[in-house]
2 protein chains.
Amino acid sequence: MGRGKTEIKRIENSTNRQVTFAKRKNGLLKKAREISILCDADVSVVMFSEAGNMTEYSSSPLIEQLARYQKESGKTLWDSKHERLSAEIDRVRKENSNLQIELRHLKGEDLKPLSPQELHALENALEDGYAGARAKIKEHHRKLKKNGRLLEEENKRLSSTYQQQQNKWNMGAI
Amino acid sequence: MGRGKTEIKRIENSTNRQVTFAKRKNGLLKKAREISILCDADVSVVMFSEAGNMTEYSSSPLIEQLARYQKESGKTLWDSKHERLSAEIDRVRKENSNLQIELRHLKGEDLKPLSPQELHALENALEDGYAGARAKIKEHHRKLKKNGRLLEEENKRLSSTYQQQQNKWNMGAI
DNA sequence: TTCGCTATTTATAAGCT
DNA sequence: TAGCTTATAAATAGCGA
């Protein structure tokens with residue numbers, strides 16, 4: 001709905017993502033209210049934004065619906081919570097570990113176990129990232145200049161930093 | 001929506017009520033799925049029809065969302081015996097989130113929110129990583145040479161890749 | 001960021017089979 | 001009761017202030 005068809009995939013632009021969340025959140029809550037009234041149904045909705053803000057709607061006390069859910073689904077919500085939590089901790093920890101390994105690689109650490117192919121991919125990733133960071137720095141540079149004296153010092157600092165980088169890369173590349 | 005405006009009040013005709021429930025149930029689930037994907041949000045929906053049939057949607061395990069709900073809302077859904085476990089999950093999850101952000105930055109994504117200082121640090125990190133990856137490639141190079149003909153092809157491939165990188169950086173740095 | 005404002009896309013109430 | 005279809009009501013994406 002709206003000025004253009006929207007593909008259902010993560011919205012990359014963070015601002016748009018937030019705006020869309022706010023709009024659709026209201027839409028979803030409205031729909032939930034409507035169906036519960038129109039159809040005499042019990043409905044609960046719990047949402048967390050990326051930032052972690054919670055919104056809930058429940059046509060009757062949430063806890064009651066959960067008890068009912070537990071009964072109907074056969075899924076245990078709180079009796080065997082311990083095992084579930086433990087499993088979740090394992091999962092999250094593993095994910096964490098993988099992320100850390102990836103990060104280390106991007107920082108040039110622990111490269112030994114990598115295959116030539118992986119090293120190659122890694123180089124590409126670094127190269128792309130560097131190009132992006134660099135373009136961004138230049139942009140800041142330009143903006144700061146425009147803002148004039150108040151920011152002159154910061155400007156100078158960046159200027160010299162930027163020059164140092166240039167020199168380093170120059171030397172390294174020859 | 002539809003052939004006539006509908007007042008939001010209980011639909012008296014039982015058949016219509018059921019039909020509307022079925023239709024709107026699907027609509028609500030679709031919306032829930034969409035917002036969770038589009039906006040990277042966690043969403044849970046639990047519905048009970050008049051007859052007591054349950055339908056659920058959850059973008060991530062309901063149990064986790066409920067744990068989160070409890071924490072955010074301060075409402076106790078179940079005994080706090082497992083608070084420690086929940087806290088640990090929260091902690092690791094937050095860490096994961098930070099790692100993912102850092103990874104995105106190193107890949108040159110989502111740079112907008114960064115301060116000049118942060119960008120600077122980022123550049124340094126990228127630089128170190130690049131140097132490390134590069135040293136590693138050289139090492140491979142040497143080893144492969146020593147291993148002689150059997151690996152000659154791979155050697156060549158790496159050689160050309162390496163040379164390309166050199167050229168790219170050279171051009172970028174001037 | 002947060003409103004308003006449309007142009008459009010979607011959801012869906014009624015009908016019909 | 002369960003699917004289709006279609007006319008209409010609603011939701012909302014992209015903009016502009």
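Order of the sequence lines fixes the chain letters, A, B, ..., with proteins taken first and strands second; residue numbering starts at 1 for each chain. As the structure is a prediction and not an experimental result, all values here were calculated from the model.
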Heavy-atom nearest nucleotide on DNA chain C for A:Arg3 versus B:Gly4: which residue maps closer to 5'?
A:Arg3
Given DNA chain C, 5'-ward residue of the pair B:Lys5 and B:Lys31, judged by closest heavy atom:
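Checking each residue's closest nucleotide, the 5'-ward one belongs to B:Lys31.
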Is the side chain of [X] donor-acceptor paired with the backbone N or O of [Y] at a distance under 3.5 Å, no angle test?
{"X": "B:Thr20", "Y": "B:Asn16", "value": "yes"}
{"X": "A:Asn26", "Y": "A:Ala22", "value": "yes"}
{"X": "A:Arg17", "Y": "B:Leu38", "value": "no"}

[X] has an atom [atom1]; how far is it from atom [atom2] of [N], in whole Å?
{"X": "A:Lys25", "N": "D:dA11", "atom1": "NZ", "atom2": "P", "value": "16 Å"}
{"X": "B:Arg33", "N": "C:dT10", "atom1": "CZ", "atom2": "P", "value": "15 Å"}
{"X": "A:Phe21", "N": "D:dG14", "atom1": "CZ", "atom2": "P", "value": "18 Å"}
{"X": "B:Met1", "N": "D:dA9", "atom1": "CE", "atom2": "P", "value": "12 Å"}
{"X": "A:Asn16", "N": "D:dT12", "atom1": "CG", "atom2": "P", "value": "15 Å"}
{"X": "B:Leu38", "N": "D:dG14", "atom1": "CG", "atom2": "P", "value": "10 Å"}
{"X": "B:Glu7", "N": "C:dA13", "atom1": "CD", "atom2": "P", "value": "14 Å"}
{"X": "B:Leu29", "N": "C:dA11", "atom1": "CG", "atom2": "C1'", "value": "14 Å"}

Nucleotide of C:dA11, D:dA9, D:dA13 approaching B:Glu34 most closely (side-chain heavy atoms):
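Ranking C:dA11, D:dA9, D:dA13 by closest atom to the B:Glu34 side chain puts C:dA11 first.
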Where the side chain of A:Thr6 is defined as all heavy atoms beyond and including C-beta, which of C:dA13, D:dA11, D:dA13 is the nearest nucleotide?
D:dA13
Base, sugar-phosphate or nothing for A:Gln18? Non-hydrogen atoms, less than 4.0 Å.
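The answer is sugar-phosphate, as A:Gln18 gets under 4.0 Å only of primed atoms, P, OP1 or OP2.
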Check if the side chain of A:Lys23 and the base of D:dA13 share a donor-acceptor pair of N or O atoms closer than 3.5 Å.
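Check passes, donor-acceptor contact within cut-off.
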Do B:Ser86 and B:Gln70 touch side chain to side chain, with heavy atoms closer than 4.5 Å?
no
Does B:Glu12 have more than 12 heavy atoms from other residues, nucleotides or ligands lying within 6.0 Å of its CD?
yes
Checking N1-N3 plus N6-O4 or O6-N4 for Watson-Crick, or N1-O2 and O6-N3 for wobble, each under 3.5 Å, the partner of D:dT1 is none
Establish, with yes or no, whether the OP1 or OP2 oxygen of D:dA11 is under 4.0 angstrom from a side-chain nitrogen or oxygen of A:Lys30.
yes
